[in-house]
**Student:** 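One structure coming up, written as structure tokens, with questions to follow.
In this text, all values refer to a predicted model and were calculated from it rather than measured experimentally. Both counts, for ligands and for their atoms, begin at 1 and track the order of listing.
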Amino acid sequence: MNLPATFHDLSGTSVFITGGGSGIGASLTEGFLRQGARVAFVQRSESGAFCDEMERATGTRPLFIPCDITDVAALKAAVDRAAEAQGPITVLVNNAANDERHRTLDVDEDFWDRSTGINLKAYFFAAQAVIPGMQAAGGGSIINFSSISYMMGNAGYPAYVAANSGINGLTRALAREFGPDRIRVNALAPGWVLTQKQRDLWVTPEGLAAHIDRQCLKDSLAPEDIVGGALFLASDLSRMMTGQALVIDGGVVVTG
Ligand SMILES: NC(=O)c1ccc[n+]([C@@H]2O[C@H](COP(=O)([O-])OP(=O)(O)OC[C@H]3O[C@@H](n4cnc5c(N)ncnc54)[C@H](O)[C@@H]3O)[C@@H](O)[C@H]2O)c1
Ligand SMILES: O=C(O)C(=O)C[C@H](O)[C@H](O)CO
């Protein structure tokens, strides 16, 4: 990954990323490591090979903690372990999500609870787990990954879309509550980012062409394209920015 900028204040920072071993999360892990940050990440699947790769590429090994983020006690234990090993967490990236497709008339209560458990509830409890450490450290930055899916009004995964809208409400509420502690809380909403998983599961030539037709910029987005926005929101460069949603989508959703 070639990063054209250095955010000096991120060097040595203790960063915690959910789902930091694959997809966009893997690029976030690499991006923060390249800034000299100490990165801990959680996900369910084994990540030894990815950590080896990161150590080779950046000179620093991320701390991988296996954890299902829908298990709130395990999530809190993972945050505590990361803080103990790498110092108080001052950057939290709520990135892990599940965009499994479903149809409204097929959804039962169990599916709804599982979906919102990953896509919304875990965001809240990860924030709750890091906030006392951020308060003690004199501040921090929480970055909540959302999605343009709810701005576009996408069909095909209503529980996911609802959670992504909810993430913006949560972001604003936490920004208001913890602003006096100098804890900034922002959302980052990517457009369609062509991870390997997206290519394997959801990308069709027609679907992609129709989507790019809606973008102002006609290139497709790669995971690396999202990293700069996350580094900016983590860094003091965005010192007075909180409660906002930063959209990186090639211009599908025209904001302003
Ligand atoms: N890829 C896109 O096109 C796109 C578009 C808009 C928004 N986003 C958002 O960006 C973020 C990352 O997306 P992505 O496409 O890289 O996702 P992904 O599905 O490729 O990766 C998600 C990560 O979360 C982890 N994860 C999932 N469930 C978990 C659980 N219960 N416990 C622990 N870890 C778990 C996975 O292991 C994986 O590492 C998400 O918040 C997503 O909503 C992605
Ligand atoms: O899945 C998401 O969160 C997306 O935003 C993906 C795309 O924007 C979508 O699949 C294109 O219609």
Side-chain angles (χ1 to χ4, degrees), residues 16-31 40-47 50-51 62 64-75 78-79 92-102 113-123 125-126 143-168 170-171 187-204 206-215 220-227 229-230 245-253:
F16 188 92
I17 304 176
T18 63
S22 71
I24 296 170
S27 291
L28 296 173
T29 294
E30 181 174 351
F41 73 90
V42 284
Q43 63 182 37
R44 284 169 303 184
S45 46
E46 177 43 45
S47 294
F50 172 71
C51 292
F64 164 56
I65 305 171
C67 171
D68 182 337
I69 59 167
T70 61
D71 178 342
V72 172
L75 177 58
V79 165
L92 165 67
V93 187
N94 272 320
N95 162 77
N98 190 336
D99 64 352
E100 184 181 342
R101 275 24 179 198
H102 49 277
D113 286 345
R114 267 190 295 121
S115 179
T116 51
I118 296 168
N119 294 321
L120 188 57
K121 182 175 146 189
Y123 281 56
F125 284 105
I143 301 163
N144 291 326
F145 267 71
S146 176
S147 158
I148 63 164
S149 59
Y150 81 94
M151 303 176 196
M152 294 177 75
N154 281 356
Y157 43 6
Y160 170 85
V161 170
N164 276 301
S165 180
I167 285 164
N168 284 280
L170 176 65
T171 296
L188 198 167
W192 203 358
V193 180
L194 301 192
T195 61
Q196 193 54 50
K197 180 180 159 190
Q198 292 293 316
R199 289 183 192 278
D200 292 345
L201 293 180
W202 317 125
V203 175
T204 61
E206 310 75 48
L208 185 58
H211 186 77
I212 291 197
D213 203 42
R214 293 185 64 168
Q215 291 183 192
S220 56
L221 290 151
E224 299 74 38
D225 293 318
I226 308 303
V227 174
L246 179 64
V247 176
I248 305 178
D249 69 348
V252 174
V253 179

**Student:** Contact between E30 and V227 at the side-chain level, heavy atoms closer than 4.5 Å - yes or no?
**Tutor:** no
**Student:** Applying side chain to side chain contact (heavy atoms under 4.5 Å, CB included), name anything that partners T116, two or more places apart in sequence or on another chain.
**Tutor:**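 T116 satisfies side chain to side chain contact (heavy atoms under 4.5 Å, CB included) with W112 only.
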**Student:** Less than 4.5 Å apart, side chain to side chain, heavy atoms only: is that true for W192 and V252?
**Tutor:** no
**Student:** Tabulate distances under 3.5 Å between N/O atoms of ligand 1 and N/O atoms of the protein, writing both atom names on each line.
**Tutor:**
{"unit_1": "ligand 1", "atom_1": "1 (N)", "unit_2": "V193", "atom_2": "O", "d": "3.3"}
{"unit_1": "ligand 1", "atom_1": "3 (O)", "unit_2": "V193", "atom_2": "N", "d": "2.8"}
{"unit_1": "ligand 1", "atom_1": "3 (O)", "unit_2": "V193", "atom_2": "O", "d": "3.3"}
{"unit_1": "ligand 1", "atom_1": "16 (O)", "unit_2": "I24", "atom_2": "N", "d": "2.8"}
{"unit_1": "ligand 1", "atom_1": "19 (O)", "unit_2": "K197", "atom_2": "NZ", "d": "2.8"}
{"unit_1": "ligand 1", "atom_1": "28 (N)", "unit_2": "R44", "atom_2": "NH2", "d": "3.3"}
{"unit_1": "ligand 1", "atom_1": "31 (N)", "unit_2": "D68", "atom_2": "OD1", "d": "3.0"}
{"unit_1": "ligand 1", "atom_1": "32 (N)", "unit_2": "I69", "atom_2": "N", "d": "2.9"}
{"unit_1": "ligand 1", "atom_1": "39 (O)", "unit_2": "G19", "atom_2": "O", "d": "3.4"}
{"unit_1": "ligand 1", "atom_1": "39 (O)", "unit_2": "S22", "atom_2": "OG", "d": "2.9"}
{"unit_1": "ligand 1", "atom_1": "39 (O)", "unit_2": "Q43", "atom_2": "OE1", "d": "2.7"}
{"unit_1": "ligand 1", "atom_1": "41 (O)", "unit_2": "N95", "atom_2": "O", "d": "2.7"}
{"unit_1": "ligand 1", "atom_1": "41 (O)", "unit_2": "Y123", "atom_2": "OH", "d": "3.3"}
{"unit_1": "ligand 1", "atom_1": "43 (O)", "unit_2": "Y160", "atom_2": "OH", "d": "2.7"}

**Student:** What protein heavy atom is closest to atom 11 (C) of ligand 2, reported as residue, atom name and distance in Å?
**Tutor:**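 In this structure, atom 11 (C) of ligand 2 has H211 ND1, 3.3 Å as its nearest protein heavy atom.
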**Student:** Considering only heavy atoms, does N164 approach ligand 2 within less than 4.0 Å through its side chain, its backbone, both, or neither?
**Tutor:**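 Looking at N164 and ligand 2, no heavy atom falls under 4.0 Å.
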**Student:** With heavy atoms under 4.0 Å as the rule, classify the contact between W202 and ligand 2 as side chain, backbone, both or neither.
**Tutor:**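 Neither; nothing of W202 gets under 4.0 Å from ligand 2.
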**Student:** Working to the nearest 0.5 Å, report the span between CG of L194 and CD1 of I24.
**Tutor:**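 Answer for the CG-CD1 pair, L194 versus I24, is 10.0 Å.
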**Student:** Are any of the side-chain heavy atoms of I69 and V42 separated by less than 4.5 Å?
**Tutor:**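 I69 reaches V42 side chain to side chain.
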**Student:** Side chains of F41 and F50: closer than 4.5 Å at any heavy-atom pair?
**Tutor:**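 Heavy-atom side-chain distance check passes, below 4.5 Å.
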**Student:** Contact between P66 and E46 at the side-chain level, heavy atoms closer than 4.5 Å - yes or no?
**Tutor:** no
**Student:** Output all residues satisfying side chain to side chain contact (heavy atoms under 4.5 Å, CB included) with A97, sequence neighbours left out; order by chain, then residue number.
**Tutor:**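 Partners of A97 by the side chain to side chain contact (heavy atoms under 4.5 Å, CB included) criterion, ordered by chain and then number, come out as N119, Y123, Y160.
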**Student:** Among S147, G250, G207, whose heavy atom sits nearest atom 5 (O) of ligand 2?
**Tutor:** S147
**Student:** Once side chain to side chain donor-acceptor pair (under 3.5 Å) is applied, do any residues pair with S47, and if so which ones, sequence neighbours excluded?
**Tutor:**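 For S47, the residues satisfying side chain to side chain donor-acceptor pair (under 3.5 Å) (neighbours in sequence not counted) are Q43.
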**Student:** Polar-atom distance check: Y157 versus ligand 2, any N or O pair below 3.5 Å?
**Tutor:**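 Checking ligand 2 against Y157, an N or O pair does fall under 3.5 Å apart.
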**Student:** Taking only heavy atoms of Y160 into account, list the atoms of ligand 2 that are under 4.0 Å away from them.
**Tutor:** 1 (O), 2 (C), 3 (O)
**Student:** Looking only at protein heavy atoms, identify the closest one to atom 9 (C) of ligand 2 and say how far it is in Å.
**Tutor:** N154 ND2, 3.6 Å
